[in-house]
Amino acid sequence: MAVQRCIEPACGATFGLNERLYVCSLCGGLLDIEKPCELIGEALALREVWMTRLASPDTSDRSGVWRFRELLPFSDNAPIVSLAEGNTPLYEAPRSARYCGLQSLKLKHQGSNPTGSFKDTGMTTAVTQARILGARLLVCASTGNTAASLAAYAARAELACAILVPQGQVSLAKLAQTLDYGAMVLEIEGNFDDAMRAIRELAEDESIYLVNSINPFRIEGQKTVAAELLQQLGWQVPDHLVMPGGNLGNSSAFGKGFRELFDLGLIDRLPQLTVVQAEGAAPFAHLFARHEQYRPAQDTPVKLTVIENPQTLASAINIGAPVSWQKAWREIVWTRGHALSVSEQEIADAKAIIGRDGVGCEPASATTVAGIKRLVADSIVGKDENVVAVLTGHLLKDTDYVINYHRETLYTSDHAEGKTETGTRITGTFANHPVRVSATGDDILKTLECEQQQRKLQNQGK
Ligand code: F0G
């Protein structure tokens with residue numbers, strides 16, 4: 001029987017799957033879902049089953065989450081809420097690889113999910129669990145992507161949902177999605193951490209079901225991407241898996257996914273997990289830096305210091321008090337991974353390079369390539385190692401940022417009309433300006449020639 005188990009070593013209390021909890025009711029610790037490994041022995045056959053399901057006409061077979069249902073804590077007749085999530089592409093990215101100093105680099109693009117971010121892989125399981133529990137009103141706090149994802153899945157399940165977002169800090173694209181899917185959107189004064197605090201108070205109300213990643217059923221869906229990735233890699237375990245860190249649910253989920261596949265005997269080692277944060281919102285990277293020297297064992301108590309006023313243009317990860325840090329820490333220690341932070345300039349340039357691979361992503365996702373470049377320069381990652389970066393959100397999630405970078409009007413602090421210019425301008429190292437031209441063949445040809453010449457020179461220099 002699967003259970004919910006408190007992750008605190010001194011507690012470890014267990015609860016039934018249908019108890020509506022988000023944290024341990026005895027000690028307040030985070031909860032893991034634990035499913036006994038009854039598949040050992042037949043595990044290798046699962047690889048074939050999971051592959052075969054891709055060709056099935058059944059939605060729950062084809063979903064990149066539900067086709068791995070043997071790993072999930074749901075019965076066969078669960079009332080699945082799916083939008084055909086998962087099954088996202090894994091790209092070779094030669095330009096980004098050269099930029100990082102690697103022989104090759106792969107990008108796992110979770111922005112190719114139905115609402116354009118990795119959140120969908122966890123929302124399908126959380127909203128399915130909401131249906132099982134008979135919840136009526138689903139809520140979350142969000143920097144935008146969880147909002148869009150919950151709004152879509154709640155609409156699909158014909159359930160009401162309410163979303164708390166920090167006013168003025170969510171990209172218009174994410175807000176537009178959320179409104180269009182019909183969610184109640186509450187804009188609060190304050191930042192994401194304030195919204196998260198408020199929502200945890202609300203969660204004590206029985207009529208409300210909380211679907212932030214503190215909810216362990218979110219993590220269950222998100223963990224399946226580990227199996228999907230390994231399948232795409234022919235079950236060859238990469239040396240490093242690098243992802244952005246905000247509330248730290250995603251890194252917790254990847255870690256859990258890999259560990260479970262290891263326990264099942266489907267892989268014989270774990271990739272090193274690395275979490276990259278933006279410099280102005282990097283409590284987890286700071287925690288790692290404080291402990292890097294002596295590499296604590298799993299049960300060494302560590303304490304994260306919250307950042308009161310986090311600041312980054314990568315608004316998706318503008319988080320100072322990550323809810324799942326203990327789980328993410330556990331995964332970093334288990335896999336002998338890393339955590340680091342990168343500057344706004346590094347994020348912006350890395351993002352433009354990912355674009356030049358024809359892939360693109362939102363700013364938060366680009367922390368990965370910026371982080372890998374640093375790790376290669378510091379010889380923590382070897383040039384010929386197998387590295388996968390996880391891109392978490394689609395390029396079109398934050399077009400303001402993109403346009404401003406290419407126009408060279410991107411500033412590190414809010415630069416809206418009427419506000420003082422207090423920030424630093426991000427250099428458009430790889431800026432790509434639009435060129436004004438008159439509507440005549442001659443002028444167009446001349447301009448094109450000139451542009452091509454300039455690009456040739458630029459490419460020689462880089
Ligand atoms: N990348 C993107 C694009 C995100 O939207 C988020 C988180 C992360 C990375 C970080 O993932 O929180 O699991 O460490 N977005 C949340 C939201 C907070 O509300 O959409 P994490």
Side-chain angles (χ1 to χ4, degrees), residues 30 88 108-113 115-123 126 139-152 163-166 169-171 173-175 177-178 183 185 188 191-196 199 210-215 218-219 221-223 225 242-257 273-278 281-285 310 312-329 331-332 339 347 351 354 360-369 371 389-398 401:
L30 296 172
T88 58
K108 174 68 176 156
H109 209 326
Q110 293 291 84
S112 295
N113 268 295
T115 74
S117 87
F118 72 99
K119 306 288 180 180
D120 296 341
T121 56
M123 209 51 81
V139 297
C140 74
S142 180
T143 55
N145 279 327
T146 307
S149 184
L150 169 58
I163 279 142
L164 259 66
V165 291
Q169 294 177 38
V170 169
S171 86
K174 296 173 189 177
L175 192 59
Q177 287 182 286
T178 311
V185 176
I188 61 137
N191 59 24
F192 171 83
D193 299 311
D194 298 319
M196 194 67 221
I199 216 128
L210 176 59
V211 295
N212 276 99
S213 57
I214 195 170
N215 182 326
R218 274 275 307 279
I219 302 296
Q222 282 175 216
K223 80 180 181 189
V225 66
V242 184
M243 70 204 76
N247 222 8
L248 298 171
N250 202 28
S251 30
S252 308
F254 261 106
K256 187 171 196 277
L273 298 189
T274 292
V275 172
V276 193
Q277 298 196 295
F284 194 68
T312 170
L313 292 175
S315 57
I317 51 170
N318 194 22
I319 297 175
V323 166
S324 295
W325 72 266
Q326 287 102 332
K327 280 188 180 176
W329 181 255
E331 305 305 343
I332 296 288
I347 296 171
K351 200 186 104 51
I354 296 166
C361 63
E362 71 165 285
S365 309
T367 55
T368 52
V369 167
V390 182
L391 304 182
T392 44
H394 197 279
L395 169 68
L396 297 177
K397 284 282 192 175
D398 193 349
Y401 182 105

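Keep in mind the model is a prediction, meaning the values are calculated, not measured. As the structure lists them, so they are numbered: ligands from 1, and atoms in each ligand from 1.
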Out of all atoms in ligand 1, which are within 4.0 Å of some heavy atom of [X]? Include the element for each.
{"X": "Asn247", "result": "12 (O), 14 (O), 21 (P)"}
{"X": "Gly245", "result": "14 (O)"}
{"X": "Ile317", "result": "8 (C), 9 (C), 10 (C)"}
{"X": "Gly249", "result": "13 (O), 14 (O), 21 (P)"}
{"X": "Ser142", "result": "17 (C), 19 (O), 20 (O)"}
{"X": "Thr143", "result": "15 (N), 16 (C), 17 (C), 18 (C), 19 (O), 20 (O)"}

Test of understanding: given a 4.0 Å heavy-atom threshold, classify the contact between [X] and ligand 1 as side chain, backbone, both, or neither.
{"X": "Ala364", "answer": "side chain"}
{"X": "Lys397", "answer": "neither"}
{"X": "Glu362", "answer": "side chain"}

### Query
Leu391 pairs by side-chain contact (heavy atoms from CB on, under 4.5 Å) with which of Met243, Gln110, Lys351, His109?
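Going through Met243, Gln110, Lys351, His109 one by one, the side-chain contact (heavy atoms from CB on, under 4.5 Å) with Leu391 is satisfied by His109 alone.
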Kindly indicate whether the side chain of [X], heavy atoms from C-beta on, has any atom under 4.5 Å from the side chain of [Y].
{"X": "Thr367", "Y": "Gln277", "result": "no"}
{"X": "Leu313", "Y": "Ile347", "result": "no"}
{"X": "Met196", "Y": "Val323", "result": "yes"}

Are the side chain of [X] and the backbone of [Y] linked by a donor-acceptor contact shorter than 3.5 Å?
{"X": "Asp398", "Y": "Glu362", "value": "no"}
{"X": "Thr368", "Y": "Val242", "value": "no"}
{"X": "Thr178", "Y": "Ala151", "value": "no"}

Identity and separation of the nearest protein heavy atom to [atom]:
{"atom": "atom 11 (O) of ligand 1", "value": "Phe118 CZ, 3.4 Å"}
{"atom": "atom 2 (C) of ligand 1", "value": "Thr392 OG1, 3.4 Å"}
{"atom": "atom 4 (C) of ligand 1", "value": "Ala316 CB, 3.5 Å"}
{"atom": "atom 15 (N) of ligand 1", "value": "Lys119 NZ, 2.9 Å"}

### Task
Compute the shortest N/O to N/O distance between Ser213 and ligand 1 and return yes if it is under 3.5 Å, no if not.
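By distance alone, the answer is no.
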#### Entry: Heavy-atom pair of closest approach, residues Pro166 and Ser142
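Minimum heavy-atom separation between Pro166 and Ser142: CD-O, 3.1 Å.
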### Query
Does Ile319 have a heavy atom less than 4.0 Å from any atom of ligand 1?
yes
### Task
Identify which of Thr146, Asn145, Asn250 has a heavy atom lying nearest to atom 13 (O) of ligand 1.
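Result: the heavy atom closest to atom 13 (O) of ligand 1 is in Asn250.
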### Query
Do you know which of Thr115, Thr146, Asn113 makes side chain to side chain donor-acceptor pair (under 3.5 Å) with Asp120?
Thr115
### Task
Would you tell me whether Ser117 and Lys397 have side-chain atoms, one donor and one acceptor, within less than 3.5 Å of each other?
no
